[in-house]
*Asks:* 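For reference, the structure I am asking about is given below.
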Amino acid sequence: MLLLKMLRDIKRNLSQFIVIFIMAFMATFVFSGISAEWYGIEKTISEYTTKSNFADIYLYGDNFTKDDLNNIKNISGVTEVERRVYLQGIGDFDNNPTISLYFLENNSINKPQVVEGKDFNTNDDENIWIDKNFAKAKNLKVGDTISVSSNGVTIKNKVAGIVESPEYIYYSNDEDLWPDYSKIGYAFLSINSFPNKDMAPYTSLLVKTTRTDSDKLEDEIKQVLNNKKVTIILKDNLPSYKAILNEVEQHQVMGSLFPLVFILIAILAMLTTMTRLVNNQRTQIGTLKALGFSKRKILFHYLSYGFYLSLVGSLLGALTGPMVIPYLFYPSMSSFYSLPEWKSSIAPITWIVTILSILLCTCATYLSCKNLLKDCAAKTLRPKSPKKTKRSFIEKTKLWNKLDFNIQWNLRDISRAKIRSIMGFFGAMSCMTLLVCAFSENDSVDYMKKWIYSEINQYETQLNFKDNTSISDKESICNDVNGQLFMSTAIEVKNGDSKTVGKVTVIENDNLYKVMDKKLNYINLNDNEIALSSRMANNLGLKKGDTIKWRLYGENNWIESTIDVINRIPIGQGLTMTKSTYEKLGYTYNATSIITTEKIAKYNNDNIATIFSIKDLSDSWDKSMEAMNIMVYVLIIAAISLALVVLYNLGLLSFAEREKELATLKVIGFKAKKIRKLLLTQSLWLSILGIIVGIPIGLELLYIICTTSGEDFDFAIKLSPLSIIISTAITLGVSILVNLLFSKKIKNIDMVESLKGVE
């Protein structure tokens, strides 16, 4: 009998219960979808790195001997060590692509994973195993012959296999924001393929270790290497690996924040709907008590409303989210990152959130009916006593009598229906929050592009040198293209126990490369001044006037410097200084590129490795932001859907709760148009208040997302006036639209039925 009653009640209040179902569904749908996306990637990375025996530490130097290998192997906690020869070559293709060649002595660490062809063989001196992305871009197949030149030596081998490596989850040319696999690739060969094998310079060491005290381990490694020049990179600081980890972290934050909105609204919707339902069924509850139904049975009956609706909605959302949301992101991400597969996987925490969503909705149901069930049957059968209302502060002032009836009525209604009013405010605020977050994200990405390619980099072309280019050749080319020498190289920076990686930018003058302060105003960087980027300063807990230690990658000695300036840079955090300052620190200025205002598409000189125009880089930026644009669209759709569902439900509740009052107004002569104005006024008040509060919350939400985008990025949060106007217009538009939907209901109120007493 109670089951039939529940089904009948749900049918009569279908719209309100559909809202609860949708909110419960959306909460777990969004959470499970985004969680399945990042958890699927996380699982793939874990399986990928485990299968290939991914190295924990990377060492780069001039030549590692067998003694070096054995000495490191004898360090406590080191489990495996492997040598390899690394060379950068040029492929024999029309566009002269850069191909990184790895000659392997063994194949136990960072084992290349064969996608097609035969397994890698360290004794095979006739074949080459080529990167799958490069092979696809160049239409290479197993059995084809490929020729690669490096340092005057040409290696011509047959392709024995198409491979992939976790060391190259992300890779691209220097300064190229978007991978172009027709220009860059990597390949593996046996050390036996190296010309004059006995003279092979082993420039790389891979280390597996069980230790976690990385700083102490680094010192021990340098000690057994007799402090020879060596660059040590931990796995988590490897650019390729770090990039995908930052991506996963950012999606974890997004997946955790957004569902909270839907869960809170589901709870509010459940609380308001069930409170109204229970109050309207006082007589029925009293009758059930009189018939002998226990309080516990009646309580479980009403709890079942929230339990079953949230159970079905939450479970359906948890199961369908992983089938939809991950595949909105994977197409753009798969063109940026290289993984063996892109598949979603339901995260264990999804079931925790699903259970929590069900429990919270059920608890909201309990709160709505617990007080009524305490009364005896006789008291419950009697009509509910009107609430004792106190005059608000404003009603006690002289201002109250001067207020319009419209304002007086709405102020009283808000004070008497606080939960319903909070729900209306929260719905508008949530809509505005998501819209502001979406439009601000779009504005910030657009500004970041302008910040990089117009405000900081004020040149047309960048020409990058090859590593072995002499100083005289660099200066000659610089004069020929009417440019300026520019240097950017990797460094390590530390403050106490905190250490990070970045880059040092060395400029000859600042007319083509601008330095900006924390407020994004241009500043002149004087000689003897060292600027530290704001993002790195925050990460290390530093400020202007503090002292830091830093060194070039491969150097043993740390340099201690005072921070004279805190500057802001969107990409590539680290230090900036003039050429004079750099040389006074004991370093030799070694320009890595030339920047010029001339437009140069091609420059015939063997010392130039790559040429990039600002337009090329700008186009690459647009492509790299495709995943971000998807998030903007998802947020806008979610915001509008959220506002429509919440405000429509609020309208239903508001109409049902105030039907007697609205009928009374009609009886005393109020026209339908005047009543609609009363309802619209309150809706606009709550919406405007929600809009005002939603703007800063939306900006804070975006800030949280941006701070998880990786230590290398510094987003300047922007929100244009046009975006505020559009967001406000959408929120108010939805509010007005929902009010218009109830205009006919006001005309059709049955005044006799609404005003008659309880029988």
*Asks:* Side-chain contact test, heavy atoms from C-beta onward, threshold under 4.5 Å: evaluate it for I72 versus F64 and give yes or no.
*Replies:*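 In short, these two side chains do not touch, never coming nearer than 4.5 Å.
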
*Asks:* Evaluate side chain to side chain donor-acceptor pair (under 3.5 Å) for E560 paired with T547, printing each intermediate quantity in order.
*Replies:* CA-CA 7 Å; E560 196 170 280; T547 301; 5.2 Å; no

*Asks:* Only one of F54, Y58, Y48 passes ring-ring contact (aromatic ring centres under 6.0 Å, His included) with Y241; say which it is.
*Replies:*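 Answer to the ring-ring contact (aromatic ring centres under 6.0 Å, His included) test with Y241 among F54, Y58, Y48: F54.
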
*Asks:* Out of the candidates K235, R84, K111, only one should pair with E167 under the salt bridge (charged side-chain N to carboxylate O under 4.0 Å, His left out) rule; please name it.
*Replies:*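 Going through K235, R84, K111 one by one, the salt bridge (charged side-chain N to carboxylate O under 4.0 Å, His left out) with E167 is satisfied by R84 alone.
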
*Asks:* Under the salt bridge (Lys or Arg N to Asp or Glu O under 4.0 Å) rule, what do K222 and D219 come out as? Steps first, then yes or no, please.
*Replies:* CA-CA 5 Å; K222 288 183 177 180; D219 292 337; 6.0 Å; no

*Asks:* So which of F134, Y171, Y102 actually passes ring-ring contact (aromatic ring centres under 6.0 Å, His included) with Y186?
*Replies:*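 Only one option passes, and that is Y171.
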
*Asks:* Taking the side chain as C-beta and beyond, is there a heavy-atom pair between V207 and L217 under 4.5 Å?
*Replies:*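 No, too far: nothing below the 4.5 Å cut-off.
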
*Asks:* Specify the closest pair of heavy atoms between N110 and A55, including all atoms of both residues, with the distance to one decimal.
*Replies:*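 Closest approach of N110 to A55: OD1-N, 2.8 Å.
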
*Asks:* Can any side-chain N or O of N237 pair as donor or acceptor with the backbone N or O of L234 at less than 3.5 Å?
*Replies:*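 The answer is no, because no donor-acceptor pair under 3.5 Å joins these two groups.
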
*Asks:* Grab the two heavy atoms, one from M577 and one from E529, that are nearest each other, plus how far apart they are.
*Replies:*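 That closest heavy-atom pairing would be CB-O, 4.0 Å.
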
*Asks:* Quick one about E80 and N53 (side-chain donor to acceptor, distance below 3.5 Å, no hydrogens or angles considered), yes or no?
*Replies:*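 A donor-acceptor contact under 3.5 Å links the two side chains.
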
*Asks:* Honestly, is K138 close enough over F93, meaning NZ or CZ under 6.0 Å from the six-membered ring centre and within 45° of the axis?
*Replies:*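 Yes, K138 lies over the aromatic ring of F93.
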
*Asks:* Quick one about D473 and S470 (side-chain donor to acceptor, distance below 3.5 Å, no hydrogens or angles considered), yes or no?
*Replies:*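 Yes, because at least one side-chain N or O of S470 sits under 3.5 Å from a partner of the opposite role on D473.
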
*Asks:* State, with a plain yes or no, whether a side-chain heavy atom of I608 is found less than 4.5 Å away from one of F465.
*Replies:*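 A side-chain contact under 4.5 Å exists here.
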
*Asks:* Can you list every pair that meets side-chain hydrogen bond (donor to acceptor under 3.5 Å, both in side chains) and has a residue in residues 573-588, with sequence neighbours left out?
*Replies:*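 Checked against side-chain hydrogen bond (donor to acceptor under 3.5 Å, both in side chains) - neighbours excluded - the pairs reaching residues 573-588 are D527-T578, N528-K584, S533-Q573, T578-T581.
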
*Asks:* State, with a plain yes or no, whether a side-chain heavy atom of I221 is found less than 4.5 Å away from one of V230.
*Replies:*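 No; the side chains remain at least 4.5 Å from each other.
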
*Asks:* Scan side-chain atoms only and decide if N133 and Y168 contain a donor-acceptor pair under the 3.5 Å cut-off.
*Replies:*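 Y168 and N133 do not have a side-chain donor-acceptor pair below 3.5 Å.
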
*Asks:* If you define the side chain from C-beta out and look only at heavy atoms, does anything of N457 sit under 4.5 Å from Y513?
*Replies:*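 Touching, per the 4.5 Å side-chain cut-off.
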
*Asks:* Would you mind reporting whether W558 and K494 have side-chain heavy atoms less than 4.5 Å apart?
*Replies:*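 When only atoms from C-beta onward are counted, W558 and K494 do touch, with a gap below 4.5 Å.
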
*Asks:* Side-chain contact test, heavy atoms from C-beta onward, threshold under 4.5 Å: evaluate it for Y170 versus P239 and give yes or no.
*Replies:*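 The answer is no, as the side chains (C-beta and beyond) never meet within the 4.5 Å cut-off.
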
*Asks:* Which of these, D68, N63, D62, sits in a side-chain hydrogen bond (donor to acceptor under 3.5 Å, both in side chains) with K228?
*Replies:*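 The passing option is D68.
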
